[in-house]
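Excluded from the calculations below are hydrogen atoms, water molecules and symmetry mates; all remaining heavy atoms, backbone and side chain alike, are included.
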Amino acid sequence: MATEVKVPTLGESVTEASIGELLKNVGDAVAVDEPIVSLETDKVAVEAPSPVAGVIKEFKVAVGDTVEVGAVLAIIDEGGTAAAAPAAEPKAAAPDAGVEKAAPAQAKEALGSDASQTLSPAVRRAVLEHGVDPSTIKGTGKDGRLTKEDVIAAAQAKTSSPAPAQAASASAPAAAATGERREERVKMTRMRQTIAKRLKSAQDTAALLTTFNDVDMSAVIESRERYKDLFAKKHDIKLGFMSYFAKAACLALKDIPGVNAQIDGDEIVYHDYVDISVAVSAPNGLVVPVVRDADSKSFAQIEKDIADFGKRAKEGTLTMEDMKGGTFTISNGGVFGGLMSTPIINPPQSAVLGLHRIEDRPVVRNGEIVIRPMMYIALSYDHRLIDGREAVTALKIIKEAIEDPTRMLIDL
C-alpha cells in the first residue's frame, strides 16, 4: 500500500520551507518516524519523518525546492522490502577516477552507520557535499559533536594536501600559464535569506542609534571565582557571565519600560515581563532562542536555558517555539574577540544589548591609574520609541549592576 509523506506543520505563521537534504534514497527501507527529508524554514531545520514502515518508492521533490505545508514529499511502499543494490558494471576509468569517487562513497557509508545519529542535518549535508568521512574528523562542538565548520575545514585540508608529483608537474605549467582564479557560487539557505531581509528591514524601518559605556568586570569576576565551584556542585551548571547581564538587563527594563516595549502600527506595546532573546551561533546562521520570564528566573535556570539553547543550536534541533517572541535581545560578540560593535535590533523589539571581550585596561580609580578588566557594552535602540535619555539611563543601570552585583539582590 502506498503512503504519502507530507510537509508537517512548521509553526505559527510559517507556511513554506526549502528542501535542505534528502536523508534517504529511492529503494531504501525506512522505519516508522524515521526522518527522510530535512526541511529548512526561516528559522530552523525540521525533519519530515515517515508515518509508516516500508520502502521509499518515489521522491516528489528535489534539494532546493520550495514546498508548502501539506505538500507531498515522497511515496512510501508500506510493508515493502528494500531492493539489493545492483552490482557495478566494470568500465574503463582514468587512474584517479577511483580516488575521486572513493570519498563520497565513504561519506555515504559513514552516514549510514549508527554514528550518524549525532549529526545535524546541516552537518550531514556538508559531509555529502564535500565527500569526507565524518568518523575521521575531530568535532569541536559540545561533547565532541561535529559542526559544519569542522567538515568544511577537513575538506579544505584534504584539497590543499600535496598532490602526487606527476599530477603536480603536469598541472603547474597550465596554472602558471593561465593564471586561473576560481570562484564558487553557493545558494543562500532560507535561514540566511531571512536573516538578510530582517536585518535590512530593521535598518530601513527603525531609527537606529547606539549608545556606549564601559564596565569594570572586577566585581563579577571576583564573585564568579568565589562561588563557581559551589554553584556548579549545587546546580550542575557552570556560572557564566550571561546570567549576570541578563539579570542586570531585567533591572534596567523594569525601570525603563520603553526599552522593553515595541511599536505595533500607531500603538506602543508595553510588557510587564522580560523575555530575553539570546543570540546564538548555529551552523546555518545566527538564531535567537528566548529565555522566557528571565526576570523571575534564578541565575542557575538562566544559565541552564542558555546552555541548552547553545547545544541544540549546534545540533540543529531548536524549534520554532524556542525562538517565538522575545522583548529584548542580548548579543555577546566578545566570545569571538569583538572589542566594540553596533548591534542591530531584532524586530519587532526596540533594543539590543551588545557585549564584548574583557581586556585589562588602565583606568583612574581614586585619583590613581590602575589596571582593571574592562568591557565595552553597547545598547542599540529604536529612536522612534526610546529617547536618548532613556537609552543612556538603561545602559547606566546595567553598568552599575554589573559593577556592584548586590544591586541585583536588592532590586536597586
Side-chain angles (χ1 to χ4, degrees), residues 44-45 114-115 117-120 122-123 138-150 215 217-251 253 273-283 286-336 353 355 357-358 373 375 398 401-411:
V44 295
D114 292 338
Q117 299 302 318
T118 61
L119 302 184
S120 69
V123 173
K138 184 177 180 181
T140 60
K142 181 73 172 178
D143 298 326
R145 293 180 183 272
L146 282 185
T147 66
K148 183 179 179 181
E149 289 75 14
D150 295 333
V215 177
M217 297 292 291
S218 299
V220 165
I221 291 175
E222 181 184 353
S223 169
R224 182 170 176 264
E225 286 297 317
R226 181 183 301 176
Y227 298 114
K228 66 179 183 180
D229 292 336
L230 290 174
F231 188 90
K233 182 178 180 180
K234 179 176 181 178
H235 301 291
D236 195 28
I237 189 71
K238 291 182 179 179
L239 177 60
F241 294 123
M242 283 296 289
S243 54
Y244 285 94
F245 278 100
K247 298 300 286 187
C250 289
L251 285 181
L253 300 181
Y273 55 88
V274 179
D275 286 351
I276 296 182
S277 301
V278 181
V280 176
S281 180
L286 196 69
V287 293
V288 279
V290 180
V291 178
R292 305 193 188 283
D293 298 313
D295 51 325
S296 61
K297 285 185 175 178
S298 65
F299 278 66
Q301 190 56 57
I302 291 174
E303 290 290 355
K304 288 179 180 179
D305 287 352
I306 294 173
D308 179 60
F309 288 147
K311 176 183 177 182
R312 291 195 286 134
K314 290 183 178 180
E315 295 173 351
T317 57
L318 286 172
T319 66
M320 298 293 292
E321 188 64 27
D322 292 328
M323 288 174 281
K324 178 181 176 182
T327 63
F328 182 77
T329 294
I330 298 179
S331 178
N332 185 9
V335 296
F336 303 109
L353 175 67
L355 310 182
R357 77 169 183 254
I358 302 170
M375 175 196 288
I398 294 173
I402 294 298
E403 293 184 340
D404 183 7
T406 305
R407 287 173 174 264
M408 302 183 209
L409 300 178
I410 60 177
D411 192 16

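Atoms CD1 and OG, on Ile402 and Ser218 in that order, are 12.0 Å from each other to the nearest 0.5 Å. The structure places CG of Leu230 at 9.5 Å from NE2 of His235, a figure rounded to the nearest 0.5 Å. With rounding to the nearest 0.5 angstrom, the CG atom of Leu353 is 5.0 Å from the CZ atom of Phe328. Note that the CZ atom of Arg224 and the CG atom of Leu239 stand 6.0 Å from one another [nearest 0.5 Å]. Of the inter-residue distances, the one linking Ile221 atom CD1 with Tyr244 atom OH reads 10.5 Å to the nearest 0.5 angstrom.
Side-chain contact between Lys304 and Gln301: present, with at least one pair of heavy atoms (C-beta onward) separated by less than 4.5 Å.
Shown are Arg312, Lys311, Arg292; of these, the salt bridge (charged side-chain N to carboxylate O under 4.0 Å, His left out) with Asp322 is made only by Arg312. Residue Met242 forms a side chain to side chain contact (heavy atoms under 4.5 Å, CB included) with just one option from Ile330, Asp305, Ile302, Val291, and that option is Ile330.
Scanning all heavy atoms of the two residues, the minimum distance from Val280 to Ala313 falls at CG1-CB, 3.5 Å. Of all the heavy atoms in Ser277 and Gly326, the pair that sits closest is OG-CA, 3.6 Å. Here the closest heavy-atom approach between residue Ala219 and residue Glu403 is recorded as CB-O, 3.4 Å. The two residues Ala246 and Ile276 come nearest to each other via the heavy atoms O-CD1, 3.7 Å. Contact detail for Val274 and Cys250: the closest heavy-atom pair is CG1-SG, 3.9 Å. Minimum heavy-atom separation, Pro373 to Ile358: CB-CG2, 3.8 Å.
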**Request:** Tell me, with the steps shown, if Met217 and Phe241 meet side chain to side chain contact (heavy atoms under 4.5 Å, CB included).
**Result:** CA-CA 10 Å; Met217 297 292 291; Phe241 294 123; 4.0 Å; yes
**Request:** Quick one: do Asn332 and Phe245 satisfy side chain to side chain contact (heavy atoms under 4.5 Å, CB included)? Show the steps, please.
**Result:** CA-CA 10 Å; Asn332 185 9; Phe245 278 100; over 6 Å; no
**Prompt:** Going through the checks in order, is the side chain to side chain contact (heavy atoms under 4.5 Å, CB included) test met by Ile306 and Ser243?
**Reply:** CA-CA 9 Å; Ile306 294 173; Ser243 54; 5.9 Å; no
**Message:** Under the criterion side chain to side chain contact (heavy atoms under 4.5 Å, CB included), I'd like the reasoning laid out for Val290 against Lys324: C-alpha separation, chi angles, the key distance, then a yes or no.
**Reply:** CA-CA 7 Å; Val290 180; Lys324 178 181 176 182; over 6 Å; no
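Asp293 and Lys297 are not joined by a salt bridge, as no carboxylate oxygen comes within less than 4.0 angstrom of a charged side-chain nitrogen.
Checking side-chain atoms of Thr327 against main-chain N and O of Asp275 turns up a donor-acceptor pair under 3.5 Å.
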